[in-house]
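Here is the structure we will look at, set down as structure tokens.
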Amino acid sequence: MSSVLPAFPDVEVVLVGGLTQPGRRVMTMTDEGETFETDAVVIERIGGTDDGITDRPDVEISCYSRSRAAAQALTEAVRQEILAMGGTKVGGVLIDKAQGIDSPKPIIDPVRNVRRIVTRYRLAFRRPRSQ
């Protein structure tokens with residue numbers, strides 16, 4: 001007899017909830033040519049692995065702001081928030097580990113006329129025991 005195990009939590013949904021703050025837009029995708037009147041954080045799962053017990057998603061976080069200094073400040077704030085998630089519950093999901101896997105990389109986004117800094121992280125969490 002086979003049983004279907006509960007799905008792993010959606011890391012993008014978990015991080016949207018964990019990173020949303022007043023004055024900061026947090027989303028999983030943007031529309032082409034979208035402009036940002038406030039700072040924005042875009043979360044995208046880009047890979048990872050699981051062993052059937054623990055999911056280890058790799059995520060790319062893009063921080064957008066109107067100036068270089070503001071984009072850097074947003075990136076550092078988000079970095080500290082993500083790294084502090086290890087060993088805590090975020091949106092009801094216990095995150096076992098959170099670590100950076102790539103240093104922040106600035107990218108000029110001429111389409112949106114904003115500064116963008118991209119950083120990659122790896123998280124680790126287990127699937128729920130029951131649905």
Side-chain angles (χ1 to χ4, degrees):
M1 177 165 105
S2 74
S3 65
V4 177
L5 297 172
F8 287 110
D10 182 332
V11 69
E12 292 180 357
V13 172
V14 171
L15 288 177
V16 165
L19 295 173
T20 298
Q21 294 186 9
R24 179 194 293 171
R25 290 178 61 195
V26 182
M27 63 198 90
T28 59
M29 65 185 325
T30 63
D31 293 327
E32 186 68 31
E34 181 173 3
T35 60
F36 301 109
E37 300 305 319
T38 61
D39 291 344
V41 178
V42 178
I43 301 162
E44 180 181 6
R45 182 174 182 151
I46 57 170
T49 63
D50 77 78
D51 60 10
I53 298 169
T54 301
D55 190 20
R56 293 175 189 83
D58 293 344
V59 293
E60 183 173 274
I61 308 289
S62 295
C63 293
Y64 292 86
S65 197
R66 302 302 268 163
S67 72
R68 179 180 185 273
Q72 287 178 317
L74 178 59
T75 297
E76 187 57 28
V78 167
R79 173 194 267 183
Q80 295 306 318
E81 292 167 27
I82 290 175
L83 296 178
M85 289 178 182
T88 68
K89 276 192 175 182
V90 177
V93 176
L94 176 60
I95 298 177
D96 296 316
K97 189 173 183 179
Q99 67 186 67
I101 58 173
D102 198 9
S103 296
K105 177 182 176 185
I107 299 171
I108 295 175
D109 191 332
V111 173
R112 294 181 179 95
N113 192 30
V114 293
R115 295 293 184 126
R116 173 181 172 211
I117 299 178
V118 177
T119 312
R120 293 181 178 160
Y121 299 91
R122 178 170 297 137
L123 285 80
F125 47 78
R126 288 161 276 165
R127 70 172 80 237
R129 293 199 182 269
S130 63
Q131 296 211 44

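Values below: all heavy atoms of this structure, side chains included; hydrogens, waters and symmetry mates excluded. For this chain, numbers begin at 1 and follow the sequence in order.
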> Does the side chain of Val59 reach to within under 4.5 Å of the side chain of Leu123, using non-hydrogen atoms?
Replying inline: yes

> Which heavy atom in Ile95 sits nearest to a heavy atom in Val90, and how many Å separate them?
Replying inline: CD1-CG2, 3.7 Å

>> Looking at Arg126, I'd like to know if its CZ atom is crowded, meaning that more than 12 non-hydrogen atoms belonging to other residues, nucleotides or ligands lie closer than 6.0 Å.
In response: no

> Would a 4.5 Å heavy-atom cut-off, applied to side chains only, mark Val42 and Thr28 as touching?
Replying inline: no

>> What's the separation between atom OG in Ser67 and atom CG in Leu74, rounded to the nearest 0.5 Å?
In response: 10.5 Å

>> Assess, by modelled atom type and distance only, whether the side chains of Gln72 and Glu76 contain a donor and an acceptor separated by less than 3.5 Å.
In response: no

>> Can you tell whether the side chains of Arg56 and Asp51 come within less than 4.0 Å, N to carboxylate O?
In response: yes

> For the salt bridge (Lys or Arg N to Asp or Glu O under 4.0 Å) test, which of Arg45, Lys97, Arg127 pairs with Asp55?
Replying inline: Arg45

> Taking all atoms of both residues into account, what is the closest heavy-atom pair of Ile117 and Pro106, and its distance?
Replying inline: CG1-CA, 4.1 Å

> So, are Arg122 and Asp58 salt-bridged, with charged N and O less than 4.0 Å apart?
Replying inline: yes

>> If you define the side chain from C-beta out and look only at heavy atoms, does anything of Met27 sit under 4.5 Å from Thr20?
In response: no

> Between CG of Asp39 and OH of Tyr64, what distance do you get to the nearest 0.5 Å?
Replying inline: 12.5 Å

>> Quick check: is Leu15 connected to Val118 through a chain of hydrophobic side chains (ILVMFWY, heavy atoms under 4.5 Å apart)?
In response: no

>> Are Asp50 and Thr54 packed together at the side-chain level, in the sense that at least one heavy-atom pair is separated by less than 4.5 angstrom?
In response: no

>> Applying salt bridge (charged side-chain N to carboxylate O under 4.0 Å, His left out), can you list everything that pairs with Arg120, at least two apart in sequence or on another chain?
In response: Glu60

> Do Met29 and Glu44 have side chains that get closer than 4.5 Å, going by heavy atoms?
Replying inline: no

>> Could you measure the distance from the OH atom of Tyr121 to the CG atom of Leu83? Nearest 0.5 Å is fine.
In response: 6.0 Å

> Does a donor on one side chain sit under 3.5 Å from an acceptor on the other, for Ser62 and Arg116?
Replying inline: yes

>> Does any part of the side chain of Ile61, heavy atoms only, come nearer than 4.5 Å to the side chain of Arg79, both counted from C-beta?
In response: no

> How far apart are the closest heavy atoms of Arg115 and Ala71, and which atoms are they?
Replying inline: CB-CB, 3.9 Å

>> Just verifying a value: how many Å separate Leu19 CG and Ile43 CD1, rounded to the nearest 0.5 Å?
In response: 5.0 Å

>> For a quick test of reading the model, state the closest non-hydrogen atom pair linking Thr119 to Ser103 and the distance between them.
In response: CG2-C, 4.3 Å

>> Less than 4.5 Å apart, side chain to side chain, heavy atoms only: is that true for Phe125 and Pro57?
In response: yes

>> Quick check: closest heavy atoms across Pro128 and Ala7, and the distance to 0.1 Å?
In response: CD-O, 3.3 Å

> Do the side chains of Gln21 and Glu81 get nearer than 4.5 Å, heavy atoms only?
Replying inline: yes

